[in-house]
Amino acid sequence: MSERNDFPRMVRVAKVVWENPSTCTILFDERMDVKPGQYVMVWLPRVDEKPMSVTYAGGKGLGFTALVHGETTRKMGALKKGDLVGVRGPYGNWFDFAKAKKALLVGGGVGVPPLAFLAEEMAKKGMRSMFIMGARSKDGLMFEQRIGKAAELRVCTDDGSKGRKARTPELVAEALAGERFDCVYTCGPEIMMKKVFDECEKRGVECQASLERYFKCAFGACGQCCLDDKLVCADGTVFGSAFLRKSSEFGRYSYARTGARITLEEWMKHGM
Amino acid sequence: MSERNDFPRMVRVAKVVWENPSTCTILFDERMDVKPGQYVMVWLPRVDEKPMSVTYAGGKGLGFTALVHGETTRKMGALKKGDLVGVRGPYGNWFDFAKAKKALLVGGGVGVPPLAFLAEEMAKKGMRSMFIMGARSKDGLMFEQRIGKAAELRVCTDDGSKGRKARTPELVAEALAGERFDCVYTCGPEIMMKKVFDECEKRGVECQASLERYFKCAFGACGQCCLDDKLVCADGTVFGSAFLRKSSEFGRYSYARTGARITLEEWMKHGM
Amino acid sequence: MARIDLSLSLCGVKLANPTILASGFLGVSPFTLERVGRCGVGAVTMKSVGPRPWPGYPNPTVVANEEFMLNAVGLPTAGYKNIEPEWEGMRKLKIPFIASLYGTSLEEYAEVAADFAARKPPLIELDLSCPHAKKGGHQFATNLDLARKLVEKVKAVTGRRVPVFAKLSPNCPNIGEIAAACEAAGADGITAINTASAMAIDIEAKCPVLYNKRGGLSGPALKPIAVKCVYDVYEKVHIPIIATGGISTGRDAVELLMAGGTGLGIGTAIYLRGIDCFEKICGEMEAWMKENGYTKVKQLTGAAHE
Amino acid sequence: MARIDLSLSLCGVKLANPTILASGFLGVSPFTLERVGRCGVGAVTMKSVGPRPWPGYPNPTVVANEEFMLNAVGLPTAGYKNIEPEWEGMRKLKIPFIASLYGTSLEEYAEVAADFAARKPPLIELDLSCPHAKKGGHQFATNLDLARKLVEKVKAVTGRRVPVFAKLSPNCPNIGEIAAACEAAGADGITAINTASAMAIDIEAKCPVLYNKRGGLSGPALKPIAVKCVYDVYEKVHIPIIATGGISTGRDAVELLMAGGTGLGIGTAIYLRGIDCFEKICGEMEAWMKENGYTKVKQLTGAAHE
Ligand SMILES: Cc1cc2nc3c(=O)[nH]c(=O)nc-3n(C[C@H](O)[C@H](O)[C@H](O)COP(=O)(O)OP(=O)(O)OC[C@H]3O[C@@H](n4cnc5c(N)ncnc54)[C@H](O)[C@@H]3O)c2cc1C
Ligand SMILES: Cc1cc2nc3c(=O)[nH]c(=O)nc-3n(C[C@H](O)[C@H](O)[C@H](O)COP(=O)(O)OP(=O)(O)OC[C@H]3O[C@@H](n4cnc5c(N)ncnc54)[C@H](O)[C@@H]3O)c2cc1C
Ligand SMILES: Cc1cc2nc3c(=O)[nH]c(=O)nc-3n(C[C@H](O)[C@H](O)[C@H](O)COP(=O)(O)O)c2cc1C
Ligand SMILES: Cc1cc2nc3c(=O)[nH]c(=O)nc-3n(C[C@H](O)[C@H](O)[C@H](O)COP(=O)(O)O)c2cc1C
Ligand code: FES
Ligand code: FES
């Protein structure tokens with residue numbers, strides 16, 4: 001009867017793959033039509049429901065990749081084949097690469113998974129992109145092989161344990177100085193993305209950033225995920241330079257679960 | 001969104017035609033796919049909602065014909081062009097004449113309208129049927145011209161004011177004695193229909209009778225219109241000989257609005 | 001593969017499966033109830049019987065669409081003194097029946113209940129939300145004290161002979177507590193829920209569609225309310241619950257069982273899926289149970305409370 | 001052809017049309033409220049603000065399908081002392097706004113209301129059905145005495161400066177009487193209704209979908225309940241009503257106006273039809289009014305009571 005259904009649907013875990021000591025990919029035998037940059041709401045019954053970017057979709061089944069840190073992601077990390085998990089979505093818009101010829105992808109930490117998916121989709125279309133991956137240390141890197149097959153991969157870590165000892169914005173500045181890119185696609189901590197965006201602005205290169213806020217409904221009704229007059233859950237999560245440029249909140253403010261506006265630093269420290 | 005909708009829909013009266021001093025046809029500019037024998041629930045806001053057999057459907061618009069006697073039908077008789085009336089339906093099964101070659105139609109009083117519709121549909125299929133119409137007096141007759149065009153019409157009145165001074169079952173007995181009919185279709189007071197059915201049984205001719213009970217839902221849920229284990233509103237209103245033969249209530253009992261089982265005589269006298 | 005067992009016992013009454021025809025549907029004559037019995041239902045409930053003959057409201061009394069049914073039939077009744085043929089028909093049924101009754105005062109409930117109990121039906125159900133009761137609708141099912149007094153009074157006349165279920169209304173903030181009061185007063189089971197107060201207005205006609213203006217909402221739109229009410233009641237009582245409201249598929253049935261139902265009242269599904277909805281729903285439940293490793297329907301009752 | 005006039009006055013506050021963003025939708029920041037303002041809405045309601053910071057419940061907090069939305073957001077709030085930026089943003093809006101507040105005790109309501117009134121918003125709305133109030137849910141909106149006391153206490157601190165609307169709950173048998181008690185206590189208007197208590201259970205997960213288990217039903221399934229409640233309230237009070245619940249089309253809007261609404265609260269329609277649902281609904285209302293010979297929206301209020 002219903003056309004839209006935004007109740008979670010329970011699906012069985014097909015496989016759990018650890019990408020690094022603190023990051024795991026949960027895969028389901030599910031076909032879902034998802035574009036890179038879209039996400040699903042993942043429900044662990046009696047625990048919580050969280051937005052997770054889609055890492056794999058289509059023939060390979062559905063998958064997302066979680067950084068295990070808080071209570072819910074810890075429980076995600078403990079999932080076993082056959083366990084039931086609730087999923088609704090996919091939600092949000094996606095990285096638009098219809099017009100891009102040469103793309104630069106910039107992923108930080110657990111922002112890498114959706115970009116790995118994007119790099120693969122670009123490769124399928126015959127595009128060879130550059131991928132800058134950053135993490136605190138080598139233990140935070142992931143999908144190096146997978147990305148390596150689809151793009152030219154450059155790695156950096158804060159502590160230099162692998163790749164360049166640098167932060168991604170530095171590598172972005174270098175890359176943009178060296179080559180002409182049509183568009184920079186980025187996902188990672190917002191403070192990093194703000195810096196990446198600033199580099200793009202200096203060079204006059206279009207940027208698409210996938211943003212995070214605290215999500216409740218995921219379909220643009222409750223208003224929790226607001227960013228200026230946008231709803232990150234439904235108008236985003238991917239925003240282009242035109243919006244990022246005039247945004248008064250991007251890189252600065254987020255909203256706590258209470259609804260209070262807080263600085264991004266507070267958000268990062270205390271969460272919501 | 002909804003597929004089924006059994007709420008009344010307000011439609012405007014296009015025309016009111018008086019068929020005789022106490023019977024009027026209400027016509028609407030409405031296309032509705034209706035088969036002869038089906039009925040609609042007609043709602044006069046703030047007054048009542050009543051089942052009414054469909055007299056006209058298709059290209060000519062939708063119409064029903066009411067005998068003006070009680071409060072609601074009196075108000076139906078007072079309807080004017082442009083007035084709003086609620087309609088839901090069509091409901092019920094219909095007279096089945098797919099296999100009949102020669103048919104006898106027997107209408108008493110306000111049972112005539114659905115049979116007039118039936119005679120026309122039969123004529124369209126090239127069937128020439130016989131139509132026996134009965135009424136108390138000539139003032140109760142209706143659709144003589146209309147039926148005359150579609151069938152061989154025989155008229156009788158209780159008082160002999162027009163046609164034969166006789167009751168319909170007598171004319172039925174004569175007709176069945178004189179000619180071979182595949183099926184007898186009847187609508188009118190149930191006591192008359194019982195007699196018509198008995199004549200059919202004597203001759204071994206199939207009979208289809210359109211029955212009435214007090215209706216509420218009209219879609220087979222409330223149970224008010226029960227006749228043995230059938231629901232007249234949805235399983236009927238047309239029942240064939242196989243059922244009529246074994247029915248313990250046909251021609252005998254009805255159910256008052258209170259739910260009490262009462263004899264047909266009581267039903268006729270006090271209504272529900 | 002283990003056989004699926006849908007059978008259960010409701011206060012000692014054995015049902016082949018948990019589906020029960022809800023009161024007010026097809027219950028005017030025993031012939032139609034018998035027909036429902038042939039459609040795989042576990043038990044049937046009579047249309048509620050009141051103290052005196054009453055015709056109910058004029059039409060429209062029942063309207064519906066795919067989302068909900070709205071009715072203000074108005075509890076028509078021949079009166080308990082005039083239903084001898086129905087009792088006769090009921091006793092011939094091959095499945096258990098539930099005798100539903102109502103009054104408009106404590107005394108009337110007791111009066112009808114005494115007569116009912118003397119006839120020893122398998123189960124009695126008290127419809128506590130009578131829309132034309134003297135002192136305004138739902139008074140008995142939405143007032144803790146009245147509900148308690150009523151059940152006490154009824155149990156005083158019915159004694160231990162017949163199990164009595166109290167049928168409650170969603171139109172209150174505290175159905176769990178009301179159910180607990182009924183249990184304390186001696187109720188043997190709870191039926192939850194009756195319809196929710198509702199109305200539809202035809203905007204072209206500029207007036208409510210139902211003759212009585214206000215009516216009761218049933219069907220799919222009622223289900224989330226029913227689930228919550230059954231869940232509330234299950235938390236507060238130890239007696240069985242006939243979970244009722246918006247069940248039209250096997251999945252709905254499982255949901256209401258998990259909320260706390262032992263039996264399942266089903267009405268509006270007849271409109272949506274036909275009289276054989278009982279068979280269909282049982283088939284779907286069975287298939288779901290098989291797929292999910294359940295063998296007995298009892299395993300589902302209250303499962304969402306763990 | 002006469003021009004259609006959708007404008008109205010709500011306790012002296014002028015609205016270009018009767019559609020009002022219901023509390024709890026898109027009201028976290030003034031930026032999104034401003035955006036709703038650009039979508040043809042007549043007025044917007046803030047997300048309800050409470051006495052102290054409170055994060056609400058964990059997810060799932062909002063789920064939905066085409067028939068209904070279910071939420072247990074749990075009234076998250078930064079607390080009235082921490083919303084200076086919001087007040088600032090509100091004052092810049094080109095359309096009127098309604099400042100919604102709640103407490104968990106009479107004292108807290110008065111505390112927040114006093115602060116609100118001092119800021120002179122166009123209208124104040126008291127959310128009387130707080131699902132995590134100390135003494136159990138809905139206590140204020142479902143108890144005649146509490147509702148009266150609460151409105152009295154609030155009006156004592158707000159005085160005549162700002163009109164106060166009491167937002168009522170459908171989870172009671174007597175919303176009309178409760179509304180009348182609020183009017184007697186000085187309420188300037190009634191908002192009817194908040195969500196109906198409901199629950200959904202995921203049968204594979206064997207537990208309620210919402211983290212808080214119980215939640216509030218809104219959207220199309222709520223409409224027949226809302227129509228009835230608004231009709232009840234209109235019969236009992238003389239103050240204006242913001243009719244709320246399940247409005248998603250122009251026809252729904254007309255239905256709730258005819259039931260007795262002066263303003264129209266709209267929330268779940270955003271999910272069903274997008275943020276521009278306000279524009280769409282107004283367009284449909286206008287078209288319907290034209291076709292049916294109405295020129296002023298005021299002609300519709302209460303029309304079904306004639
Ligand atoms: C669109 C989107 C896509 C995301 N994709 C991924 C992903 O692919 N992999 C991944 O590991 N993480 C992803 N996240 C972040 C992830 O949802 C949270 O970090 C995660 O829920 C934290 O859960 P926790 O139990 O580990 O920690 P918690 O202790 O519950 O929270 C830690 C922090 O996570 C954030 N968070 C928690 N709940 C939510 C919520 N409902 N919505 C948004 N942020 C929240 C807050 O900053 C919080 O302080 C995504 C977030 C968004 C908005
Ligand atoms: C399937 C069906 C088709 C019908 N078709 C026609 C028709 O084409 N023309 C026509 O004039 N009449 C028809 N009737 C009968 C008609 O519905 C009633 O006679 C009419 O409603 C009486 O209304 P009233 O206001 O004149 O009288 P009332 O005083 O209201 O009732 C007079 C009698 O009509 C019968 N009746 C009243 N309400 C109903 C109801 N809801 N359901 C069934 N019977 C009722 C009862 O016997 C009652 O005693 C049909 C009935 C049925 C069941
Ligand atoms: C037309 C109709 C008549 C009803 N009559 C009664 C009744 O007489 N007694 C009663 O207790 N409940 C009555 N009910 C309520 C139902 O028994 C049931 O509680 C309600 O319809 C919810 O279940 P459903 O959604 O499966 O229909 C009636 C409901 C409808 C729709
Ligand atoms: C997610 C969500 C949050 C809500 N938050 C509030 C709130 O904070 N205060 C309030 O008075 N009502 C709140 N409500 C109730 C709505 O304002 C409204 O009364 C209800 O949703 C019915 O209207 P609708 O069917 O148009 O959505 C909320 C509803 C939803 C769905
Ligand atoms: S999470 Fe609800 S609007 Fe974005
Ligand atoms: S009128 Fe309701 S079942 Fe026939």
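Please read all numbers here as calculations on a predicted model, not as lab measurements. Naming convention: chains lettered A, B, ... in sequence-line order (proteins, then strands); numbering from 1 in each chain.
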Is [X] in contact with chain D via its backbone, its side chain, both, or neither, using a 4.5 Å heavy-atom distance?
X: Thr72(A); value: neither
X: Val47(A); value: backbone
X: Asp235(A); value: side chain
X: Arg261(A); value: side chain
X: Leu227(A); value: neither

When only pairs under 4.5 Å are counted, which of [options] shares the most heavy-atom pairs with chain D?
options: Cys222(A), Gly86(A), Gly259(A); result: Cys222(A)
options: Ala221(A), Ala260(A), Pro45(A); result: Ala221(A)
options: Cys217(A), Ser248(A), Ala218(A), Gly220(A); result: Cys217(A)

If you take the centroid of each ring, where Trp contributes its six-membered ring, are Phe219(A) and Tyr271(D) closer together than 6.0 Å?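 Yes; Phe219(A) has its ring centre under 6.0 Å from that of Tyr271(D).
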Less than 6.0 Å separating the ring centroids of Phe197(A) and Phe239(A)?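 They do not qualify: ring centres at least 6.0 Å apart.
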Shorter than 4.5 Å, heavy atoms on both sides: which option in Thr77(D), Leu210(D), Ile270(D), Thr61(D) has the most such pairs with chain A?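 Winner by heavy-atom pair count: Thr77(D).
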Return the option, out of Thr268(D), Ile203(D), Val49(D), Asp202(D), with the maximum number of heavy-atom pairs under 4.5 Å with chain A.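 The answer is Asp202(D).
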Whether [Y] and [X] form a salt bridge (side-chain N of Lys/Arg under 4.0 Å from carboxylate O of Asp/Glu) is what I want to check.
X: Arg245(A); Y: Glu201(A); value: yes
X: Glu249(A); Y: Lys230(A); value: no
X: Lys15(A); Y: Asp29(A); value: no

Measuring heavy-atom distances to chain A, does [X] have an atom under 4.5 Å in its side chain, in its backbone, in both, or in neither?
X: Pro60(D); result: both
X: Glu34(D); result: neither
X: Ile83(D); result: neither

Are any of the side-chain heavy atoms of Val112(A) and Phe143(A) separated by less than 4.5 Å?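 Val112(A) vs Phe143(A): side chains touch.
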Can a donor-acceptor pair be found between the side chains of Asp228(A) and Ser247(A) at a distance below 3.5 Å?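 Distance-only check passes for Asp228(A) and Ser247(A).
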Under 3.5 Å, is there a donor-acceptor pair linking the side chains of Thr65(A) and Thr55(A)?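 Side chains of Thr65(A) and Thr55(A): pair found under 3.5 Å.
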Criterion side chain to side chain contact (heavy atoms under 4.5 Å, CB included) against Ile275(D), the qualifying member of Val36(D), Thr32(D), Leu21(D), Val41(D):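 Passing option: Val36(D).
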